[in-house]
Amino acid sequence: MSPEVSIFGVYVPSLLLCAPPAFFLAALVKQTLALLGLYRFVWHKGLFDVAVFICALGVVLQILSKVSR
């Protein structure tokens, strides 16, 4: 995957394009964890949510790097 994508002549970082799907994936994971009641085992919910987003972003980037080959 290239570091930049040209959209109508404007170069946009590819990480910026991967962030919205990662956000929705992280929201789905957070909702599932909340429904299962697993947040009671988490010490700091905000830090945990950031870590879930970073993991989701890594998954999205991994999937896109496999597809773009």
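Just so we're clear, the structure is a prediction, and the values are computed from it rather than from any experiment. Numbering of residues begins at 1 and proceeds along the displayed sequence.
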- Any pair counted as salt bridge (Lys or Arg N to Asp or Glu O under 4.0 Å), so long as it reaches residues 36-64, sequence neighbours left out: Lys45-Asp49

- Decide whether Ile54 and Val29 are clustered together by the hydrophobic rule: side chain heavy atoms of Ile, Leu, Val, Met, Phe, Trp, Tyr closer than 4.5 Å, transitively. no

For residues 15-27, tabulate all N or O donor-acceptor pairs below 3.5 Å that involve a side-chain atom, not counting sequence neighbours.
none

- Task: Output every pair passing ring pair (Phe, Tyr, Trp, His ring centres under 6.0 Å) with a member in residues 40-69, not counting sequence neighbours, ordered by first then second residue.
- Result: Tyr39-Phe48

- Task: Could you state whether Val52 and Leu38 fall into the same hydrophobic cluster, counting links through intermediate Ile, Leu, Val, Met, Phe, Trp or Tyr residues with side-chain heavy atoms under 4.5 angstrom apart?
- Result: yes

- Message: Under 4.5 Å between side-chain heavy atoms, counting indirect links through other Ile/Leu/Val/Met/Phe/Trp/Tyr residues: same cluster for Val12 and Phe8 or not?
- Response: yes

- Item | Rounded distance (nearest 0.5 Å) linking atom CG of Leu64 with atom OG of Ser14 | 8.5 Å

